Amino acid sequence: MNKKFLKPYDSKETEENIYKLWEKSGYFRPKDGHSRVDSKTVSDETFSIVLPPPNVTGNLHTGHAIMLAIEDIMVRYNRMLGKKTLWVPGTDHAAIATQSKVEKEIYKKEKKNRHDLGREGFLKRVSNYAKNSQDTIINQTKKMGASLDWSREAFTLDEKRNLAVRTAFKQMYEAGLIYRGYRIVNWCPKCQSTLSDDEVEHEEQKARFYTFKYSADFPIYISTTRPETKLGDTSVAVNPNDKRYKKYIGKEFEIKKFAGGPNLKIKIIVDKNIDPEFGTGAVGITPAHSHIDYEVAQKNDLPVIKVIDEYARITDEAGTEYSGLKIKDAREKVIEYLKKNGLLEKEEEINNNLSICYRCNSPIEPLPSLQWFVDVNKKFKLKNSKLKGLKTEQEVSLKKVMKNAIESGQIEIIPDRFEKVYYHWIDNLRDWCISRQIWYGHQIPAWRRTQMNADKKTPMDADEKENVYVGVEAPKDIENWEQDPDTLDTWFSSGLWTFSTLGWPEETNDLKTFHPTSVLETGYDILFFWVARMILMSGFLLEDIPFKKVYLHGLVRDEKGRKMSKSLDNAIDPIEAINKYGADALRMATIVGIGPGNDLIINDEKIKAYKHFANKIWNVSRFVFSNTEDFDSDLEAELPSKIVDSDKKYLDELGGLKKDVKKDMDNFKFYLAGEKLYHYFWHRFADVIIEESKNKIKSFDEKEKLSSQWTLIHILKESLKMLHPFMPFITEEIWQNAPWNKNGKILMVEEWPKI
RNA sequence: GCAGAAGUAGCUCAAUUGGAUAGAGCGUCUGCCUAACGAGCAGAAGGUUAGUGGUUCAAACCCAUUCUUCUGCACCA
């Protein structure tokens, strides 16, 4: 027996070497035809996962640890089943998140902003930061034991992925699914960029609610929490059935110098969405600074007057009195005017939801702006549909494709309650604003003719297509063109991830073999951001699904139930946990007893408990090895016929376990399989079977002794195999030093126990 | 407002979808310390499965209802 086993298991000493052994073996890479040594038992089936790419903004957190553990379990299990198994690694450039992080750091150190450095200089700095971060992340990922094929590593912003983005953009533009339009968008004055609807969060706050009228002779009182936006009002809307206001409908009022500022023309219109019970039952419509008002204005052909600009200041259009004022100052000025002139009827406090930026938490300004959008309702014709229930030649919208993928059952979400959430999201989906006014990201592959736009401030008109060029490559007479300075929403490139990582737009072997991928495993918090966008992209560009199953894991919370975050300083560092307890223990602690989609509260005690388990596995192995030293391994094949009844009973029990575990693994119930293995190994194998074997082995009955030895070896072997996906390091270390493994075979590619 | 989840031992969570005495880890207590166990073993205490009512041979699980907590979405101007 190897002397190693005389000491307790030392994860630190083991893990790095074992990972190197695996990497060197080349088994992370699916070879032509098979990924297991024993090619006879290898099937033609494939199993593929693309890793949800961690952001290059720093380190791995516990959420990543869970993700890596679950995915590695799936991958190792399927590899042991003999499937051609691929797990593709990568990282995400995370546009806004990374840019603002680097901006902050540079400002802290050098007191410079990105404009001081210039676009090129700044991007170089961000790239360096990203590179550094990537190295850290890759090292940490390896520490978790993740059996990723590093030869296929991808980055959402590398050359190949950029080609995929440009190609996707062009194809969508040509199909009319991407358009440029002057529309109301979510604007973050701090990030100086648009945000998609999903990137806006709501925070409840107390707000002052003012009821007033525009002028002394204006007949209707209206209410608002934002008096300063009223400088841009163009109408007042009332419910068509509201008797109070019937006589004013259709009338137009002119207000001279409203609040001492601009002249307003207010038309009284009807809209059935107006609640007569709320406020005064009359709403001042500000088309430029509210999504809903904008829609009302479109229906009624009302002008859109932009009174707030991108820096959250009042524009010239609101008159010289207000121009340039900050929102807060303008608000006070309006209120003061209303009070002074006896126009303010009432001032009360209400609960209100403030829209804030999910990155920087500053308030969002809805404002009209010329941006690129993905049209989710526009119809396109399917050319070669692989989508279940949607035929070639059929006309569909992106919304339809996204909904159909789940409805048809072609994609299954685990747990299924998220399917409802998904439908609800789709039903409320509006066009996706994809352009961002930041530098770090995929620059939009659209150019405008510079000659035609001598005045560079004039926005490129969406209707004048001859002045716009969209292409994979820049136009040939580049000197006459200027590329759109904006970049794409980071989720645009992430949406391509399942196939851009496999070589698309080239028709690679990888793409043919591994797409659609088998499973997409990620946290439920990015179901809309990412999962839905992947279904969208793949649905249009490949007319196929990106994955067959979606497995959603929960979020990690601290003992108070709060989401772990850096700002709260409550995060458990997975690397620290690995150093303390070992990666195997951490993996078990994040798996066992946690169903899909359920949040988990992680604590040190649980990880520690699985460290104890690792040690138990170690000691059981030691016991088996030291008590079978005189066992003739040639007997291994024939002994089952001579097995004594008591051992036979144990083998039957093991058979039951194997069946159960296989069923759980196939049904994605890793949390159950892990627990069962734990329980069996400790409380049956160690506590009962081994205890009993002590008598048998020292007995003079040779048959009984041999039977017992055979049984111990067999159970240990089968257990190690089944435990391997969960605790790969310790099981491999034992396998490498096991007396039966004289040729140094690798457990990772052993065959999963047959039932 | 709409939707979803959860409520089980002191704490953190399970219970293979309606099936036997509701199980683990940590913690507590009592013995051991035994030829693998520094992290060991044997055993114990601890439960009205949030409450009430119902369906069933059988309910933590299904139905109705009440209470509590959390999450997502939509928002009122």
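Note that these values count all heavy atoms, side chains included, but never hydrogens, waters or copies made by symmetry. Note that the structure is a prediction, hence the values are computed from the model and not measured.
- Taking only distance into account, the side chain of K616(A) meets the base of C37(B) through a donor-acceptor pair shorter than 3.5 Å.
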Q) Reading nucleotides 1-8 of chain B 5' to 3', which nucleotides get B (base under 4.0 Å from a protein heavy atom), which S (sugar-phosphate only), which -? A) ---SS---

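- Ring orientation note: the planes of F528(A) and W425(A) are close to parallel, at an angle under 30° on the 30°/60° scale.
- Of the N and O atoms on the side chains of Y77(A) and D666(A), at least one donor lies less than 3.5 Å from an acceptor on the other residue.
- The base of A35(B) has none of its N or O atoms less than 3.5 Å from a complementary donor or acceptor on the side chain of E691(A).
- Counting to the nearest Å, the P atom of A14(B) and the CD1 atom of I594(A) are 8 Å from each other.
- Between the side chain of K694(A) and the base of A36(B), a donor-acceptor pair under 3.5 Å is found.
- Contacts between residues 617-624 of chain A and RNA chain B, defined by a heavy-atom separation under 4.0 Å, are made by N619(A), V620(A), R622(A), F623(A).
- Atoms CE and CH2, on M534(A) and W491(A) in that order, are 9.0 Å from each other to the nearest 0.5 Å.
- Side-chain contact between R587(A) and Y610(A) is absent, with no heavy atoms from C-beta onward closer than 4.5 Å.
- Annotation: proximity of residues 657-677 of chain A to RNA chain B (heavy atom, distance under 4.0 Å) is found for K669(A), Y671(A), L672(A), E675(A), K676(A), numbered in ascending order.
- Between F212(A) and Y337(A), the ring center distance fails the sub-6.0 Å criterion.
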